[in-house]
Amino acid sequence: MITLPEELKNILEKKETVKILGTSDKNGVPHVVLKDSMKLLDDGTLAYAEEFDSSKTSSNMVRSIWFDKLISVNIANGDTSYQITGKPLRCLITGKIFQQFLMSERKRDGGGPDIQAVWIIEPLEIKNQSRKARRDEETKKYPLYNTHLDMLKK
Amino acid sequence: MNNELTYQEAVQKYLHFPRFIILKLDLYRRGTIYSDAVEKEYGEFPGPMILRDGTSVVTAPAKKTNKKDPYTVDFHNGSLGIFYHGEYIEEIAFSPKPAFYGKKTSLGTPMEKIGMFRPQRLDIWPYRFCHYWKGGYQCKFCSINVIAKNRLKMEQGMELDPKDISETVAEALKEPGRFSIITLTGGADYEGAEPFDSELNRYIKVLQAIGENFSSKRFPSQLVCCAMSKKQLKRLYNETGILSYCPDIEVWDREKFSWICPGKDKYVGWDNWVKSMIDAVELFGPGNVCTNIVAGCEMAEPHGFRTEDEALNSTLEGAEFLAKNGVAMLALVWSPSRGSAFYGQKQPSLGYYLRLAQGLHDIRASYGVRVNTDDYKHCGNHGDSDLARLD
């Protein structure tokens, strides 16, 4: 399993960080949703709470774990942004980790949702999508490509 | 089980069928035994298992059912794994025991004698004797009274006290998120002014006792029982908070029903059984009336279907008829268990069960019949309803 960079681990812990999960259905149609319960577990996997067994995300995640399809996560805080490509590893409907997420979610905003599952995701590839990091990367790869002439004017 | 597809071969052949469900169905067919190390750690009856995708596997240990070619559950890199002929197949875990285990009711009854568990389902068997066995009318695949004899030996009694049940449910509800449904079932009891009034009255008492624990009138629950008359169904629906009614027809073909389930045929009859299910939809709503078949016993010898295609066509024809009327047919994998009349008989192939599961799911989906009370979580016994997770 790959290790998340420290910067990513740090923003994952922050309440205001935006966490987005992207999945796709049997026709390849993407489905992108906020999953603010997402966190990093001690074993280096990501976990989030699924509120509905009947949701599109839920059926897409089942399809992914059943047929080895990949999913995508974006974690963003201000100018810092990371994309994680991963695969669903487990769907927990009971047990310690499920209970922890359940209790945490139920406490939110004085009476939060009743979650149905906790999905565990194994990160396979991490890409820094921060604007500066991306600009530096593309410029290094293709020095005079993504630019207009007037930007090079004396 | 020679000359049949193994799990790996089935995964290669049925590429569009999820391999976790192929594994589940084959675990049911072949059975599982536990290694000595696992038995030492978890005991002889560690309970239901869960695959890592959330699929339940509810089987008895194979050494109790004398399966010839079982899978083995053993330790693997610090976790549990399923092995077949020494080859590691997949990760598995035992469902955690609920917190009420080890506690007693105010009558001194251990609560684990009252409530049995699955990953998200609480099972209660209020009555553990089947009257069909009197005079030899028991279903030919069933061994409930053999189990009952053992229960009597261990002084566990045949009938549960509603007070014990209510207190056990109250204790179970103290554990947040542990259960999503309560399922009741037991032996058939045709006694009463109208046949099965005795069974109905017992369940009404029990359901009212359970209902005391809930703030809503109706609560996620299923009753697996005999086929009731319309009058009895109205009493069941109006006097309790039950959500789903499930009279198991066991086998769809009329003649085979008569042969395999002589008690159900004698005391109810096939036509009345089907009528009961359709009548119940008016009260419980589409998808809240279910029926299970013991898939595969329709091929038992000497009077069963000769080919898998014939058997499949018959069952799916029945499933479609029922789905048109808002009733869901679901399948259990027949296990020719010790103590049953069919002990020692051969099960159909793994391919049969995959085709059946896909067929049942597709029929329900085409008629818009969702089975929320019998899905992967609220039951966990049916490969066909597991497939609905993709819907």
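Chain naming here is simple, since letters A, B, ... match the order of the sequence lines and numbering starts at 1 in each.
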Most contact-rich option vs chain A, by heavy-atom pairs under 4.5 angstrom, among B/E175, B/R19, B/R178, is B/R19
Please determine, among B/G177, B/A388, B/A93, B/G54, the option with the most heavy-atom pairs under 4.5 Å with chain A.
B/G177
So do the side chains of [X] and [Y] get within less than 4.5 Å of each other, counting heavy atoms only?
| X | Y | value |
| --- | --- | --- |
| A/K26 | B/L390 | no |
| A/I120 | B/R52 | no |
| A/Q99 | B/P96 | no |

Exceeds 12 heavy-atom contacts within 6.0 angstrom, atom [atom1] of [X]:
| X | atom1 | result |
| --- | --- | --- |
| A/D43 | CG | yes |
| A/F67 | CZ | yes |
| A/L149 | CG | no |
| B/K217 | NZ | yes |
| A/N27 | CG | yes |
| B/K13 | NZ | no |

Shortest non-hydrogen separation from [X] to [Y] and the atoms involved:
| X | Y | answer |
| --- | --- | --- |
| B/D53 | A/W66 | OD2-NE1, 2.7 Å |
| B/R370 | A/S54 | NH2-CB, 4.1 Å |
| A/M103 | B/P176 | SD-CB, 3.6 Å |

Report the option among A/L102, A/D53, A/I115 that has the most heavy-atom pairs separated by less than 4.5 Å from atoms of chain B.
A/D53
Part of [X] within contact of chain A (heavy atom distance under 4.5 Å):
| X | answer |
| --- | --- |
| B/I50 | side chain |
| B/Y376 | side chain |
| B/N372 | neither |

